[in-house]
Amino acid sequence: MLIDIIAGARPNFMKIAPIIHAIQKAEDSGSKLKYRLVHTGQHYDKKMSGDFFEQLNIPHPDVNLESGSGTQAEQTAKIMVRYEALLLEKPCDLTLVVGDVTSTMACSIAAKKLNIKVAHVEAGIRSFDLSMPEEINRMVTDSITDYFFTTSERANSNLKRAGVEDERIFFVGNTMIDTLLKNRSRFMRPEVWDELKLKESNYIVMTLHRPANVDEEHKLKGLIQEIVDHSQGMPLVFPIHPRTAKVFENLGITHDNLHLIEPLPYLEFNFLVERAKAVITDSGGITEETTVMGVPCMTLRDNTERPETCELGTNELLGTNPKSIGPAMAKLFSGSWKKGEIPKLWDGKTAERIIECLNKL
Ligand code: UD1
């Protein structure tokens, strides 16, 4: 069986790495599974893509669709047209997509319309907030998925409520955590550690890239000002996403303890996170990593598709109103942030379980 593994944007790369490694291992022991790695080219910078391939030992893609940037519809259309052309020329037996980015949805649609089965890893999670492009990507993808690989019981319930039969839902855990646990001993000290003379538990890592937080100058400025005002002078290390950088340039703000740096490669980024006093973010994936590493996490969003990171883990939803930042920072500095526990099956063996299921299909 030939499986197309689709990867398009930064958060996909840590999710596909363990799946590829598990297929390679299975091939060595006689499994008939073969894969073709398709990079859609949604993210194309070395810092957003290439570094992750190198550090996570992901093989060079067999195909790069070079779709590049654009509006949501432009990106979706380019990826669909190019992936369809590939499938018409060289079909596969199953298209495996991960996560919720535009590439995930676009490739699922192209495959399904050619009657190719679709498997979705990280299926079933929902924020119920249709103003996020990712929520639409999740809903559309899951509406045409054949095999659902899930990270949580909540995701299973969401799918069942939508009418998906039990036989098509496989609760396997979290491949992003496979990558985290496998690489934890390889985390690498980034240059910024010495440059800023950072000390363990004495700095905060920030990441912001959601359109709702960063696309409007006054919104971004308000959030950053509030974080700085309540940071007690602690270094704020801010690896800045290209989308955010474009807006930030126009804000003209500087603060002594706010340190903007380029996006970091995986091993360096997680070195910083593991040792941070806290993380302030609007990412979804980072809330899972901080939960597993036991690092306090403040999420600047009104909702989350990963409720287990709040109910079990170290994450707290602050919303997008800057005024919620002060009380949360006070709680952090008083030392009373919750400790949290690790969700079921986030144990580093998820990719193996996925391959076991695929072998049986
Ligand atoms: C995408 C995903 C989001 C994910 C995020 C992680 C969707 C809908 N969103 O958002 O779920 O959390 O990636 O990074 O798929 N750009 C570069 N270099 C690159 C890639 C992008 O400069 O390598 C620029 C683009 O030109 C664009 C901006 O960054 O202006 C946004 O990129 P885009 O892929 O549209 O969405 P993200 O905001 O990165």
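Note that ligands are numbered from 1 as they come in the structure, with each ligand's atoms numbered from 1 the same way.
The protein non-hydrogen atom at the shortest distance from atom 2 (C) of ligand 1 is V101 CG1, 3.7 Å. Counting protein heavy atoms only, atom 3 (C) of ligand 1 is closest to E134 OE2, 3.2 Å. Summary of contacts: the protein heavy atom closest to atom 32 (O) of ligand 1 is H43 NE2, 4.1 Å. Scanning the protein for heavy atoms near atom 6 (C) of ligand 1, the closest one is P11 CD, 3.5 Å. Remark: minimum distance from atom 28 (C) of ligand 1 to any protein heavy atom is reached at R243 CB, 3.9 Å. Of all protein heavy atoms, the one lying nearest to atom 25 (C) of ligand 1 is S69 OG, 3.1 Å. If you check which protein heavy atom lies closest to atom 35 (O) of ligand 1, you get Q75 NE2, 3.5 Å. Atom 5 (C) of ligand 1 has its closest protein heavy atom at H209 NE2, 3.7 Å.
Q55 and D51 share no donor-acceptor pair across their side chains, judged by distance under 3.5 Å alone. A donor and an acceptor atom, one from each side chain of N137 and T104, are nowhere located under 3.5 Å apart. S49 and H39 share a side-chain donor-acceptor pair at under 3.5 Å. A donor and an acceptor atom, one from each side chain of T281 and T207, are located under 3.5 Å apart.
Looking at N137 next to ligand 1, no N or O pair under 3.5 Å apart turns up. An N or O contact shorter than 3.5 Å links Y44 to ligand 1 by distance.
Of all heavy-atom pairs spanning L358 and L96, the tightest one is CD1-CD1, 4.1 Å.
Atom CD of Q225 is separated from atom CD1 of I227 by 10.5 Å, given to the nearest 0.5 angstrom.
When the options G284, P211, P242 are ranked by their closest heavy atom to atom 22 (O) of ligand 1, first place goes to P242.
Geometric assessment of R184 against the ring of F187 yields a negative cation-pi assignment under the 6.0 Å and 45° thresholds.
Comment: E308 does not engage K344 in a salt bridge, judged by the lack of any side-chain N to carboxylate O separation of less than 4.0 angstrom. Using a cutoff of 4.0 Å between basic side-chain nitrogens and carboxylate oxygens, R138 and D100 are scored as salt-bridged.
Against a heavy-atom cut-off of under 4.0 Å, Q72 is close to the following atoms of ligand 1: 8 (C). Below 4.0 Å from some heavy atom of M48 lie the following atoms of ligand 1, by number and element: 14 (O), 19 (C), 23 (O).
Within the structure, the closest approach of K47 to ligand 1 does not fall below 4.0 Å when heavy atoms are considered.
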